2 protein chains.
Amino acid sequence: MPTQTFFNLPEEKKKRLVAGAMKEFSAKPLNEASISNIVKNSKISRGSFYQYFEDKKDLYFFLIGKFRYNYRNLMLKSFQEKDGDFHEGYKLFSEKYIKYIMESEKFGFFENMYLHMNYQINQEARVDFKETKSHKLPNGKRIVDVVSRDNLKMTSDTELIDVLRYILSMLNDTIMEGFWKELSVKETQDLFLKRLEWITYGIAIPAEKEEKE
Amino acid sequence: MPTQTFFNLPEEKKKRLVAGAMKEFSAKPLNEASISNIVKNSKISRGSFYQYFEDKKDLYFFLIGKFRYNYRNLMLKSFQEKDGDFHEGYKLFSEKYIKYIMESEKFGFFENMYLHMNYQINQEARVDFKETKSHKLPNGKRIVDVVSRDNLKMTSDTELIDVLRYILSMLNDTIMEGFWKELSVKETQDLFLKRLEWITYGIAIPAEKEEKE
DNA sequence: TAATATATGTGACAGCTTGTCATAATGCAA
DNA sequence: TTGCATTATGACAAGCTGTCACATATATTA
(Lines give C-alpha, C1' and ligand atoms only; values in the text may rest on other atoms or scores of the structure.)
Protein backbone atom coordinates (compact mmCIF):
# COMPACT_ATOMS: atom_id res chain seq x y z
CA MET A 1 0.00 0.00 0.00
CA PRO A 2 1.34 3.43 -0.91
CA THR A 3 1.63 5.81 2.04
CA GLN A 4 -0.78 8.63 2.80
CA THR A 5 1.98 10.99 1.71
CA PHE A 6 1.66 9.64 -1.80
CA PHE A 7 -2.10 10.10 -1.89
CA ASN A 8 -1.74 13.65 -0.56
CA LEU A 9 0.55 14.57 -3.45
CA PRO A 10 -0.62 17.13 -6.02
CA GLU A 11 -2.28 15.44 -8.98
CA GLU A 12 0.41 16.53 -11.39
CA LYS A 13 3.17 14.86 -9.42
CA LYS A 14 1.16 11.70 -8.90
CA LYS A 15 0.49 11.46 -12.62
CA ARG A 16 4.16 12.00 -13.45
CA LEU A 17 5.09 9.17 -11.15
CA VAL A 18 2.43 6.81 -12.46
CA ALA A 19 3.43 7.60 -16.03
CA GLY A 20 7.11 7.12 -15.29
CA ALA A 21 6.39 3.81 -13.61
CA MET A 22 4.10 2.60 -16.40
CA LYS A 23 6.82 3.40 -18.91
CA GLU A 24 9.27 1.21 -17.02
CA PHE A 25 6.84 -1.63 -16.29
CA SER A 26 5.66 -1.66 -19.88
CA ALA A 27 9.19 -2.09 -21.12
CA LYS A 28 10.38 -4.55 -18.48
CA PRO A 29 8.85 -7.14 -16.18
CA LEU A 30 8.79 -6.54 -12.45
CA ASN A 31 12.09 -8.29 -11.80
CA GLU A 32 14.02 -6.34 -14.37
CA ALA A 33 12.41 -2.96 -13.79
CA SER A 34 14.46 -0.65 -11.60
CA ILE A 35 13.48 2.07 -9.18
CA SER A 36 16.41 4.06 -10.52
CA ASN A 37 14.76 4.24 -13.92
CA ILE A 38 11.35 5.07 -12.51
CA VAL A 39 12.64 8.03 -10.51
CA LYS A 40 14.60 9.20 -13.52
CA ASN A 41 11.50 8.94 -15.74
CA SER A 42 9.36 10.75 -13.20
CA LYS A 43 11.92 13.35 -12.19
CA ILE A 44 11.49 12.75 -8.49
CA SER A 45 14.30 12.07 -6.07
CA ARG A 46 15.16 8.61 -4.94
CA GLY A 47 14.50 9.55 -1.32
CA SER A 48 10.98 10.66 -2.17
CA PHE A 49 10.18 7.34 -3.80
CA TYR A 50 10.79 5.57 -0.53
CA GLN A 51 8.53 8.04 1.20
CA TYR A 52 5.65 6.98 -1.05
CA PHE A 53 6.25 3.27 -1.51
CA GLU A 54 7.77 0.52 0.51
CA ASP A 55 9.51 -0.94 -2.50
CA LYS A 56 9.09 -1.74 -6.19
CA LYS A 57 6.38 -4.35 -5.57
CA ASP A 58 4.32 -1.91 -3.55
CA LEU A 59 4.16 0.45 -6.51
CA TYR A 60 3.55 -2.41 -8.94
CA PHE A 61 0.57 -3.76 -7.05
CA PHE A 62 -0.83 -0.26 -6.79
CA LEU A 63 -0.67 0.04 -10.57
CA ILE A 64 -2.26 -3.35 -11.10
CA GLY A 65 -5.10 -2.32 -8.82
CA LYS A 66 -5.46 0.96 -10.66
CA PHE A 67 -5.55 -0.42 -14.18
CA ARG A 68 -6.86 -3.94 -13.85
CA TYR A 69 -10.24 -4.53 -15.33
CA ASN A 70 -13.02 -4.51 -12.79
CA TYR A 71 -14.16 -7.93 -13.88
CA ARG A 72 -16.88 -8.34 -11.28
CA ASN A 73 -19.20 -5.80 -12.82
CA LEU A 74 -18.65 -7.15 -16.30
CA MET A 75 -19.27 -10.68 -15.11
CA LEU A 76 -22.47 -9.72 -13.35
CA LYS A 77 -23.79 -7.85 -16.37
CA SER A 78 -22.89 -10.72 -18.69
CA PHE A 79 -24.72 -13.33 -16.66
CA GLN A 80 -27.74 -11.07 -16.32
CA GLU A 81 -27.80 -10.41 -20.05
CA LYS A 82 -27.90 -14.15 -20.71
CA ASP A 83 -30.60 -14.83 -18.10
CA GLY A 84 -28.16 -16.54 -15.75
CA ASP A 85 -27.08 -19.15 -18.30
CA PHE A 86 -23.67 -20.28 -17.15
CA HIS A 87 -22.11 -21.13 -20.47
CA GLU A 88 -23.51 -18.24 -22.47
CA GLY A 89 -22.81 -15.77 -19.69
CA TYR A 90 -19.21 -16.81 -19.22
CA LYS A 91 -18.72 -16.79 -22.95
CA LEU A 92 -19.91 -13.21 -23.24
CA PHE A 93 -17.82 -12.18 -20.26
CA SER A 94 -14.65 -13.81 -21.52
CA GLU A 95 -14.94 -12.28 -24.98
CA LYS A 96 -15.13 -8.76 -23.60
CA TYR A 97 -12.52 -9.38 -20.93
CA ILE A 98 -9.96 -10.76 -23.38
CA LYS A 99 -10.65 -7.95 -25.82
CA TYR A 100 -10.19 -5.31 -23.15
CA ILE A 101 -6.85 -6.66 -22.00
CA MET A 102 -5.36 -7.49 -25.36
CA GLU A 103 -6.47 -4.34 -27.13
CA SER A 104 -5.65 -1.97 -24.30
CA GLU A 105 -3.29 0.92 -24.88
CA LYS A 106 -1.51 -0.55 -21.86
CA PHE A 107 -0.69 -3.68 -23.85
CA GLY A 108 2.98 -3.72 -22.82
CA PHE A 109 2.12 -3.47 -19.16
CA PHE A 110 -0.45 -6.26 -19.32
CA GLU A 111 1.81 -8.41 -21.46
CA ASN A 112 4.61 -8.22 -18.92
CA MET A 113 2.15 -8.73 -16.11
CA TYR A 114 0.71 -11.90 -17.61
CA LEU A 115 3.97 -13.40 -18.80
CA HIS A 116 5.70 -12.87 -15.49
CA MET A 117 2.82 -13.28 -13.11
CA ASN A 118 3.26 -16.22 -10.83
CA TYR A 119 1.07 -17.73 -8.17
CA GLN A 120 2.80 -15.96 -5.32
CA ILE A 121 2.61 -12.51 -6.86
CA ASN A 122 -0.94 -13.17 -7.91
CA GLN A 123 -1.95 -14.01 -4.38
CA GLU A 124 0.04 -11.19 -2.80
CA ALA A 125 -1.70 -8.76 -5.12
CA ARG A 126 -5.07 -10.22 -4.18
CA VAL A 127 -4.49 -9.73 -0.50
CA ASP A 128 -3.71 -6.16 -1.42
CA PHE A 129 -7.09 -5.74 -3.06
CA LYS A 130 -8.93 -7.21 -0.15
CA GLU A 131 -7.58 -4.50 2.08
CA THR A 132 -8.50 -1.68 -0.23
CA LYS A 133 -11.71 -2.69 -1.92
CA SER A 134 -14.95 -4.21 -0.84
CA HIS A 135 -15.79 -7.51 -2.44
CA LYS A 136 -19.43 -6.66 -2.86
CA LEU A 137 -20.80 -5.49 -6.12
CA PRO A 138 -22.10 -1.93 -6.28
CA ASN A 139 -25.74 -3.02 -6.13
CA GLY A 140 -25.04 -5.46 -3.33
CA LYS A 141 -25.55 -8.55 -5.49
CA ARG A 142 -23.11 -11.42 -5.45
CA ILE A 143 -22.12 -13.16 -8.64
CA VAL A 144 -23.37 -16.53 -7.46
CA ASP A 145 -26.83 -14.97 -7.14
CA VAL A 146 -27.11 -14.23 -10.84
CA VAL A 147 -26.00 -17.63 -12.14
CA SER A 148 -28.83 -20.05 -12.72
CA ARG A 149 -28.31 -23.49 -11.22
CA ASP A 150 -31.09 -25.08 -13.27
CA ASN A 151 -28.77 -26.86 -15.65
CA LEU A 152 -25.71 -27.17 -13.44
CA LYS A 153 -24.63 -30.05 -11.27
CA MET A 154 -23.51 -27.63 -8.57
CA THR A 155 -26.11 -26.95 -5.91
CA SER A 156 -24.34 -25.20 -3.05
CA ASP A 157 -22.85 -21.71 -3.19
CA THR A 158 -19.45 -23.05 -2.24
CA GLU A 159 -19.33 -25.49 -5.09
CA LEU A 160 -20.43 -22.90 -7.59
CA ILE A 161 -17.88 -20.40 -6.34
CA ASP A 162 -15.16 -23.05 -6.68
CA VAL A 163 -16.10 -23.58 -10.30
CA LEU A 164 -16.38 -19.91 -11.15
CA ARG A 165 -13.04 -19.21 -9.55
CA TYR A 166 -11.34 -22.07 -11.29
CA ILE A 167 -12.67 -20.98 -14.65
CA LEU A 168 -11.45 -17.45 -14.04
CA SER A 169 -7.96 -18.77 -13.41
CA MET A 170 -8.29 -20.85 -16.57
CA LEU A 171 -9.25 -17.70 -18.42
CA ASN A 172 -6.21 -15.88 -17.14
CA ASP A 173 -3.99 -18.82 -18.05
CA THR A 174 -5.40 -18.75 -21.54
CA ILE A 175 -4.65 -15.04 -21.85
CA MET A 176 -1.09 -15.77 -20.73
CA GLU A 177 -0.84 -18.35 -23.45
CA GLY A 178 -2.23 -15.85 -25.91
CA PHE A 179 0.45 -13.32 -25.04
CA TRP A 180 3.17 -15.93 -25.17
CA LYS A 181 2.17 -17.37 -28.53
CA GLU A 182 1.27 -13.93 -29.80
CA LEU A 183 -2.25 -15.03 -30.64
CA SER A 184 -4.80 -12.56 -31.91
CA VAL A 185 -7.76 -11.57 -29.76
CA LYS A 186 -9.97 -13.90 -31.79
CA GLU A 187 -7.62 -16.86 -31.47
CA THR A 188 -7.33 -16.36 -27.73
CA GLN A 189 -11.09 -16.12 -27.36
CA ASP A 190 -11.55 -19.31 -29.37
CA LEU A 191 -8.95 -21.15 -27.32
CA PHE A 192 -10.77 -20.22 -24.16
CA LEU A 193 -14.18 -21.14 -25.57
CA LYS A 194 -12.92 -24.58 -26.52
CA ARG A 195 -11.78 -25.14 -22.96
CA LEU A 196 -15.00 -23.72 -21.59
CA GLU A 197 -16.89 -26.29 -23.66
CA TRP A 198 -14.76 -29.09 -22.29
CA ILE A 199 -15.52 -28.08 -18.77
CA THR A 200 -19.19 -27.35 -19.37
CA TYR A 201 -20.15 -30.48 -21.24
CA GLY A 202 -17.26 -32.75 -20.37
CA ILE A 203 -14.87 -34.51 -22.67
CA ALA A 204 -16.31 -37.94 -22.02
CA ILE A 205 -19.14 -39.29 -24.13
CA PRO A 206 -22.08 -39.56 -21.75
CA ALA A 207 -23.49 -43.04 -21.29
CA GLU A 208 -26.79 -42.99 -23.24
CA LYS A 209 -28.45 -45.76 -21.28
CA GLU A 210 -27.82 -47.59 -18.09
CA GLU A 211 -25.78 -50.55 -19.09
CA LYS A 212 -24.84 -53.37 -16.82
CA GLU A 213 -22.10 -55.72 -17.79
CA MET B 1 22.71 -25.08 -21.66
CA PRO B 2 25.83 -25.51 -19.52
CA THR B 3 29.06 -25.50 -21.51
CA GLN B 4 31.08 -28.58 -22.41
CA THR B 5 33.63 -27.37 -19.88
CA PHE B 6 31.10 -27.97 -17.15
CA PHE B 7 30.32 -31.50 -18.29
CA ASN B 8 34.05 -32.27 -18.52
CA LEU B 9 34.52 -31.33 -14.89
CA PRO B 10 35.49 -34.02 -12.37
CA GLU B 11 32.42 -35.50 -10.68
CA GLU B 12 33.37 -34.16 -7.28
CA LYS B 13 33.44 -30.58 -8.49
CA LYS B 14 30.20 -30.95 -10.42
CA LYS B 15 28.47 -32.34 -7.36
CA ARG B 16 29.79 -29.54 -5.17
CA LEU B 17 28.41 -27.01 -7.60
CA VAL B 18 25.02 -28.70 -7.92
CA ALA B 19 24.75 -29.00 -4.15
CA GLY B 20 25.72 -25.38 -3.62
CA ALA B 21 23.17 -24.27 -6.18
CA MET B 22 20.40 -26.48 -4.78
CA LYS B 23 21.05 -25.00 -1.36
CA GLU B 24 20.55 -21.50 -2.70
CA PHE B 25 17.56 -22.31 -4.91
CA SER B 26 15.87 -24.20 -2.09
CA ALA B 27 16.14 -21.19 0.18
CA LYS B 28 15.30 -18.52 -2.36
CA PRO B 29 13.37 -18.26 -5.60
CA LEU B 30 15.23 -17.67 -8.86
CA ASN B 31 14.93 -13.88 -8.68
CA GLU B 32 16.32 -13.60 -5.20
CA ALA B 33 19.01 -16.24 -5.49
CA SER B 34 22.48 -14.86 -6.18
CA ILE B 35 25.42 -16.25 -8.05
CA SER B 36 27.63 -14.80 -5.33
CA ASN B 37 26.03 -17.14 -2.80
CA ILE B 38 26.22 -20.13 -5.09
CA VAL B 39 29.93 -19.72 -5.74
CA LYS B 40 30.51 -19.18 -2.03
CA ASN B 41 28.52 -22.34 -1.21
CA SER B 42 30.37 -24.37 -3.82
CA LYS B 43 33.81 -22.91 -3.19
CA ILE B 44 34.47 -22.18 -6.83
CA SER B 45 35.61 -18.84 -8.17
CA ARG B 46 33.21 -16.40 -9.71
CA GLY B 47 35.12 -16.51 -12.99
CA SER B 48 34.71 -20.26 -13.23
CA PHE B 49 30.97 -20.01 -12.83
CA TYR B 50 30.77 -17.96 -15.99
CA GLN B 51 32.85 -20.53 -17.78
CA TYR B 52 30.24 -23.19 -17.03
CA PHE B 53 26.98 -21.26 -17.29
CA GLU B 54 25.74 -18.32 -19.24
CA ASP B 55 23.93 -16.92 -16.24
CA LYS B 56 21.79 -17.83 -13.25
CA LYS B 57 18.87 -19.01 -15.38
CA ASP B 58 21.09 -21.33 -17.36
CA LEU B 59 22.06 -23.15 -14.19
CA TYR B 60 18.49 -23.10 -12.89
CA PHE B 61 17.06 -24.73 -16.00
CA PHE B 62 19.78 -27.33 -15.90
CA LEU B 63 18.76 -28.23 -12.35
CA ILE B 64 15.07 -28.37 -13.26
CA GLY B 65 15.91 -30.73 -16.10
CA LYS B 66 18.03 -32.82 -13.79
CA PHE B 67 15.54 -33.21 -10.98
CA ARG B 68 12.14 -32.81 -12.57
CA TYR B 69 10.01 -35.90 -12.61
CA ASN B 70 10.07 -37.70 -15.90
CA TYR B 71 6.31 -37.59 -16.16
CA ARG B 72 6.03 -39.17 -19.58
CA ASN B 73 6.99 -42.62 -18.42
CA LEU B 74 4.72 -42.44 -15.41
CA MET B 75 1.84 -41.26 -17.57
CA LEU B 76 2.33 -44.03 -20.06
CA LYS B 77 2.48 -46.67 -17.38
CA SER B 78 -0.60 -45.27 -15.64
CA PHE B 79 -2.74 -45.33 -18.77
CA GLN B 80 -1.56 -48.81 -19.63
CA GLU B 81 -2.36 -50.06 -16.14
CA LYS B 82 -5.92 -48.75 -16.48
CA ASP B 83 -6.42 -50.20 -19.96
CA GLY B 84 -6.32 -46.79 -21.61
CA ASP B 85 -9.19 -45.39 -19.57
CA PHE B 86 -8.70 -41.64 -19.62
CA HIS B 87 -10.16 -40.73 -16.27
CA GLU B 88 -8.78 -43.64 -14.29
CA GLY B 89 -5.40 -43.37 -15.95
CA TYR B 90 -5.01 -39.67 -15.32
CA LYS B 91 -6.18 -40.15 -11.77
CA LEU B 92 -3.52 -42.75 -11.09
CA PHE B 93 -0.87 -40.61 -12.75
CA SER B 94 -1.78 -37.45 -10.86
CA GLU B 95 -1.76 -39.16 -7.50
CA LYS B 96 1.76 -40.45 -7.95
CA TYR B 97 2.99 -37.26 -9.55
CA ILE B 98 1.71 -35.05 -6.75
CA LYS B 99 3.08 -37.39 -4.14
CA TYR B 100 6.51 -37.43 -5.73
CA ILE B 101 6.78 -33.66 -5.89
CA MET B 102 5.31 -32.82 -2.53
CA GLU B 103 7.10 -35.51 -0.58
CA SER B 104 10.46 -35.08 -2.26
CA GLU B 105 13.54 -34.33 -0.19
CA LYS B 106 13.89 -31.44 -2.63
CA PHE B 107 10.69 -29.91 -1.28
CA GLY B 108 12.16 -26.42 -0.90
CA PHE B 109 13.43 -26.40 -4.45
CA PHE B 110 10.12 -27.55 -5.91
CA GLU B 111 8.15 -25.20 -3.68
CA ASN B 112 10.11 -22.20 -4.92
CA MET B 113 9.90 -23.48 -8.45
CA TYR B 114 6.13 -23.81 -8.38
CA LEU B 115 5.40 -20.62 -6.49
CA HIS B 116 7.60 -18.51 -8.70
CA MET B 117 7.21 -20.28 -12.00
CA ASN B 118 5.60 -18.13 -14.59
CA TYR B 119 4.55 -18.77 -18.14
CA GLN B 120 7.65 -17.27 -19.67
CA ILE B 121 10.10 -19.21 -17.54
CA ASN B 122 8.03 -22.33 -18.01
CA GLN B 123 8.24 -22.02 -21.76
CA GLU B 124 11.91 -21.05 -21.79
CA ALA B 125 12.66 -24.12 -19.75
CA ARG B 126 10.67 -26.25 -22.14
CA VAL B 127 12.60 -25.06 -25.15
CA ASP B 128 15.63 -26.06 -23.18
CA PHE B 129 14.36 -29.61 -22.80
CA LYS B 130 13.52 -29.90 -26.45
CA GLU B 131 17.13 -29.28 -27.32
CA THR B 132 18.49 -31.84 -24.93
CA LYS B 133 15.97 -34.64 -24.81
CA SER B 134 13.98 -36.58 -27.31
CA HIS B 135 10.24 -36.40 -26.93
CA LYS B 136 9.74 -40.03 -27.70
CA LEU B 137 9.17 -42.51 -24.97
CA PRO B 138 11.84 -45.14 -24.43
CA ASN B 139 9.84 -47.86 -26.14
CA GLY B 140 8.90 -45.54 -29.00
CA LYS B 141 5.24 -45.28 -28.00
CA ARG B 142 3.48 -41.96 -27.82
CA ILE B 143 1.10 -41.16 -25.01
CA VAL B 144 -1.83 -40.61 -27.35
CA ASP B 145 -1.42 -44.19 -28.50
CA VAL B 146 -2.18 -45.65 -25.11
CA VAL B 147 -5.29 -43.59 -24.36
CA SER B 148 -8.51 -45.20 -25.44
CA ARG B 149 -10.83 -42.95 -27.43
CA ASP B 150 -13.83 -45.22 -26.98
CA ASN B 151 -15.54 -43.05 -24.43
CA LEU B 152 -14.05 -39.69 -25.37
CA LYS B 153 -15.47 -37.01 -27.63
CA MET B 154 -12.00 -36.39 -29.09
CA THR B 155 -11.28 -38.30 -32.25
CA SER B 156 -8.14 -36.79 -33.76
CA ASP B 157 -4.66 -36.96 -32.25
CA THR B 158 -4.42 -33.19 -32.22
CA GLU B 159 -7.57 -32.76 -30.17
CA LEU B 160 -6.54 -35.42 -27.71
CA ILE B 161 -3.09 -33.90 -27.32
CA ASP B 162 -4.70 -30.51 -26.66
CA VAL B 163 -6.78 -32.01 -23.88
CA LEU B 164 -3.94 -33.96 -22.32
CA ARG B 165 -1.70 -30.93 -22.39
CA TYR B 166 -4.31 -28.70 -20.89
CA ILE B 167 -4.98 -31.11 -18.07
CA LEU B 168 -1.28 -31.34 -17.33
CA SER B 169 -1.14 -27.59 -16.95
CA MET B 170 -4.22 -27.79 -14.73
CA LEU B 171 -2.39 -30.37 -12.64
CA ASN B 172 0.62 -28.13 -12.26
CA ASP B 173 -1.59 -25.19 -11.36
CA THR B 174 -3.23 -27.31 -8.69
CA ILE B 175 0.16 -28.25 -7.26
CA MET B 176 1.03 -24.54 -7.16
CA GLU B 177 -2.14 -23.91 -5.25
CA GLY B 178 -1.26 -26.77 -2.93
CA PHE B 179 2.12 -25.25 -2.13
CA TRP B 180 0.64 -21.81 -1.66
CA LYS B 181 -2.17 -22.90 0.64
CA GLU B 182 0.12 -25.43 2.31
CA LEU B 183 -2.25 -28.27 1.52
CA SER B 184 -1.35 -31.84 2.35
CA VAL B 185 -0.62 -34.32 -0.42
CA LYS B 186 -4.10 -35.79 0.05
CA GLU B 187 -5.84 -32.43 -0.10
CA THR B 188 -3.96 -31.47 -3.25
CA GLN B 189 -4.80 -34.79 -4.88
CA ASP B 190 -8.47 -34.36 -3.99
CA LEU B 191 -8.53 -30.82 -5.35
CA PHE B 192 -7.15 -32.05 -8.63
CA LEU B 193 -9.54 -35.00 -8.81
CA LYS B 194 -12.50 -32.69 -8.32
CA ARG B 195 -11.35 -30.61 -11.28
CA LEU B 196 -10.62 -33.69 -13.32
CA GLU B 197 -14.22 -34.79 -12.75
CA TRP B 198 -15.51 -31.44 -13.90
CA ILE B 199 -13.60 -31.67 -17.11
CA THR B 200 -14.31 -35.34 -17.70
CA TYR B 201 -18.04 -35.35 -17.15
CA GLY B 202 -18.84 -31.63 -17.43
CA ILE B 203 -20.44 -29.38 -14.90
CA ALA B 204 -23.68 -29.07 -16.85
CA ILE B 205 -26.54 -31.49 -16.33
CA PRO B 206 -26.79 -33.35 -19.63
CA ALA B 207 -30.09 -32.97 -21.51
CA GLU B 208 -31.90 -36.30 -21.06
CA LYS B 209 -33.88 -36.16 -24.27
CA GLU B 210 -33.76 -34.25 -27.51
CA GLU B 211 -36.06 -31.33 -27.04
CA LYS B 212 -37.10 -28.92 -29.72
CA GLU B 213 -38.63 -25.63 -28.78
C1' DT C 1 4.11 38.85 13.08
C1' DA C 2 7.41 35.39 14.89
C1' DA C 3 8.21 30.89 16.73
C1' DT C 4 7.41 26.29 16.72
C1' DA C 5 5.78 21.81 15.02
C1' DT C 6 4.82 18.80 11.35
C1' DA C 7 5.25 17.15 6.71
C1' DT C 8 7.87 16.54 2.65
C1' DG C 9 12.16 16.65 -0.41
C1' DT C 10 16.96 15.44 -1.34
C1' DG C 11 21.28 13.13 -2.91
C1' DA C 12 25.40 11.08 -1.05
C1' DC C 13 26.38 6.77 0.73
C1' DA C 14 27.35 1.71 2.20
C1' DG C 15 26.72 -2.51 0.74
C1' DC C 16 25.21 -5.50 -2.28
C1' DT C 17 24.83 -7.39 -7.08
C1' DT C 18 26.41 -8.86 -12.02
C1' DG C 19 29.44 -9.96 -16.03
C1' DT C 20 34.19 -9.21 -17.88
C1' DC C 21 38.93 -9.50 -18.51
C1' DA C 22 43.94 -9.73 -18.03
C1' DT C 23 46.55 -12.93 -16.06
C1' DA C 24 47.96 -17.32 -13.93
C1' DA C 25 47.83 -22.23 -13.56
C1' DT C 26 47.22 -26.66 -15.48
C1' DG C 27 46.98 -30.58 -18.81
C1' DC C 28 48.67 -32.70 -22.81
C1' DA C 29 51.03 -33.62 -27.19
C1' DA C 30 55.33 -33.57 -29.70
C1' DT D 1 61.44 -29.57 -22.42
C1' DT D 2 58.70 -26.74 -25.23
C1' DG D 3 54.48 -25.14 -27.06
C1' DC D 4 49.46 -24.92 -27.33
C1' DA D 5 44.79 -25.41 -25.63
C1' DT D 6 42.08 -25.58 -21.74
C1' DT D 7 40.69 -24.14 -17.28
C1' DA D 8 40.97 -21.10 -12.97
C1' DT D 9 41.05 -16.77 -10.67
C1' DG D 10 39.78 -12.43 -8.30
C1' DA D 11 39.98 -7.48 -9.04
C1' DC D 12 37.10 -4.44 -11.28
C1' DA D 13 33.50 -1.18 -13.48
C1' DA D 14 29.01 -0.36 -13.52
C1' DG D 15 24.74 -1.01 -11.78
C1' DC D 16 21.29 -1.61 -8.20
C1' DT D 17 18.79 -0.94 -3.44
C1' DG D 18 17.44 1.13 0.94
C1' DT D 19 18.86 4.59 4.45
C1' DC D 20 19.91 8.69 6.71
C1' DA D 21 21.28 13.34 8.08
C1' DC D 22 19.92 17.28 6.57
C1' DA D 23 17.20 21.02 3.79
C1' DT D 24 12.95 22.93 2.73
C1' DA D 25 8.06 23.74 2.79
C1' DT D 26 3.64 24.05 5.05
C1' DA D 27 0.57 24.40 9.08
C1' DT D 28 -0.28 25.86 13.80
C1' DT D 29 0.03 28.51 17.70
C1' DA D 30 1.37 32.52 20.68
Side-chain angles (χ1 to χ4, degrees), chain A residues 1-64 112 116 120-121 124 128, chain B residues 1-63 112 116 120-121 124-125 128:
Chain A
M1 278 281 283
T3 60
Q4 193 52 48
T5 309
F6 171 73
F7 291 111
N8 293 342
L9 245 40
E11 281 307 313
E12 190 275 327
K13 195 165 187 178
K14 253 189 285 188
K15 274 192 184 157
R16 228 168 56 215
L17 216 160
V18 167
M22 285 302 282
K23 187 179 171 191
E24 178 71 356
F25 288 128
S26 298
K28 294 174 196 165
L30 179 58
N31 306 320
E32 288 168 33
S34 84
I35 294 173
S36 295
N37 276 334
I38 293 171
V39 301
K40 253 180 252 165
N41 287 346
S42 321
K43 294 192 174 69
I44 63 161
S45 75
R46 184 168 192 81
S48 288
F49 180 92
Y50 284 97
Q51 219 138 16
Y52 309 148
F53 306 100
E54 206 177 306
D55 54 17
K56 203 170 46 170
K57 269 191 190 174
D58 194 21
L59 166 57
Y60 192 66
F61 291 154
F62 168 72
L63 292 175
I64 289 181
N112 277 324
H116 296 266
Q120 185 142 345
I121 289 187
E124 280 175 27
D128 220 52
Chain B
M1 279 281 283
T3 60
Q4 194 51 49
T5 309
F6 171 74
F7 291 112
N8 293 343
L9 245 40
E11 280 308 312
E12 189 275 326
K13 196 166 188 177
K14 254 189 284 187
K15 274 193 184 158
R16 226 167 57 214
L17 188 41
V18 167
M22 285 301 283
K23 187 180 171 191
E24 178 72 356
F25 288 127
S26 298
K28 294 175 194 165
L30 178 57
N31 306 321
E32 288 167 33
S34 84
I35 294 172
S36 295
N37 276 334
I38 293 171
V39 300
K40 252 179 253 164
N41 288 345
S42 320
K43 293 192 173 69
I44 63 160
S45 74
R46 184 168 192 80
S48 288
F49 180 92
Y50 284 97
Q51 219 138 16
Y52 310 147
F53 305 100
E54 207 178 305
D55 53 18
K56 201 170 49 172
K57 270 190 191 174
D58 194 21
L59 166 57
Y60 193 66
F61 291 154
F62 168 71
L63 292 175
N112 277 324
H116 295 266
Q120 187 141 341
I121 289 187
E124 279 174 28
D128 220 53

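Just so it is clear, the model here is predicted, and its values are computed rather than measured. Order of the sequence lines fixes the chain letters, A, B, ..., with proteins taken first and strands second; residue numbering starts at 1 for each chain.
Of the side-chain N and O atoms in Ser36(B), none sit less than 4.0 angstrom from OP1 or OP2 of dC16(C). Taking 4.0 angstrom as the limit, Ser45(B) places none of its side-chain polar atoms (N or O) nearer than this to OP1 or OP2 of dA8(D). For the pair Arg46(B) and dT18(C), the criterion of a side-chain N or O lying under 4.0 Å from OP1 or OP2 is met. The side chain of Tyr52(B) places an N or O atom within less than 4.0 Å of a non-bridging phosphate oxygen (OP1 or OP2) of dA8(D). For the OP1/OP2 pair of dT7(D) and a distance below 4.0 Å, the side-chain nitrogens and oxygens of Asn8(B) include at least one atom meeting the criterion. Remark: Lys13(A) is in phosphate contact with dG9(C), judged by side-chain N or O atoms under 4.0 Å from OP1 or OP2. A close approach under 4.0 Å does not occur between any side-chain nitrogen or oxygen of Tyr50(B) and OP1 or OP2 of dC21(C).
We find that CZ of Phe49(B) is positioned 16 Å from C1' of dT7(D), with the value rounded to whole Å. Atom CG in Leu59(B) sits about 12 Å away from atom P in dG19(C), given to the nearest Å. Taking atom CG on Leu9(B) and atom C1' on dG27(C), their separation rounds to 14 Å, with Å as the unit. Ile38(B) has its CD1 atom 13 Å from the C1' atom of dT18(C), to the nearest Å. Rounded to an integer number of Å, the gap from Ile44(A) CD1 to dG11(C) C1' is 13 Å. A straight line from CD of Glu32(B) to P of dC16(C) spans 16 Å, rounded to a whole angstrom. Regarding Glu54(A), its CD atom lies at a distance of 15 Å from the P atom of dT17(D), rounded to whole Å. Distance Asn37(A) CG to dA14(D) P: 17 Å, rounded to the nearest Å.
As judged by a 4.0 angstrom heavy-atom cut-off over every strand, Ser48(B) is placed among the base-contacting residues.
With rounding to the nearest 0.5 angstrom, the CG atom of Leu17(A) is 7.0 Å from the CG atom of Leu59(A).
The 5' end of DNA chain D is approached more closely, in terms of each residue's nearest nucleotide, by Thr5(B) than by the other of Thr5(B) and Ser34(A).
Here the side chain of Asp58(A) pairs no donor or acceptor atom with the backbone of Phe53(A) at under 3.5 angstrom.
Taking both residues in full, the closest heavy atoms of Phe25(A) and Leu30(A) are given as CE2-CD1, 3.9 Å, listed atom of the first, atom of the second, then distance.
Other residues, nucleotides and ligands contribute at most 12 non-hydrogen atoms within 6.0 Å of the NZ atom of Lys23(A).
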Open item on the list: Run Gln51(B) and Thr3(B) through side chain to side chain contact (heavy atoms under 4.5 Å, CB included) and show every step you take.
Closed with: CA-CA 7 Å; Gln51(B) 219 138 16; Thr3(B) 60; 5.8 Å; no
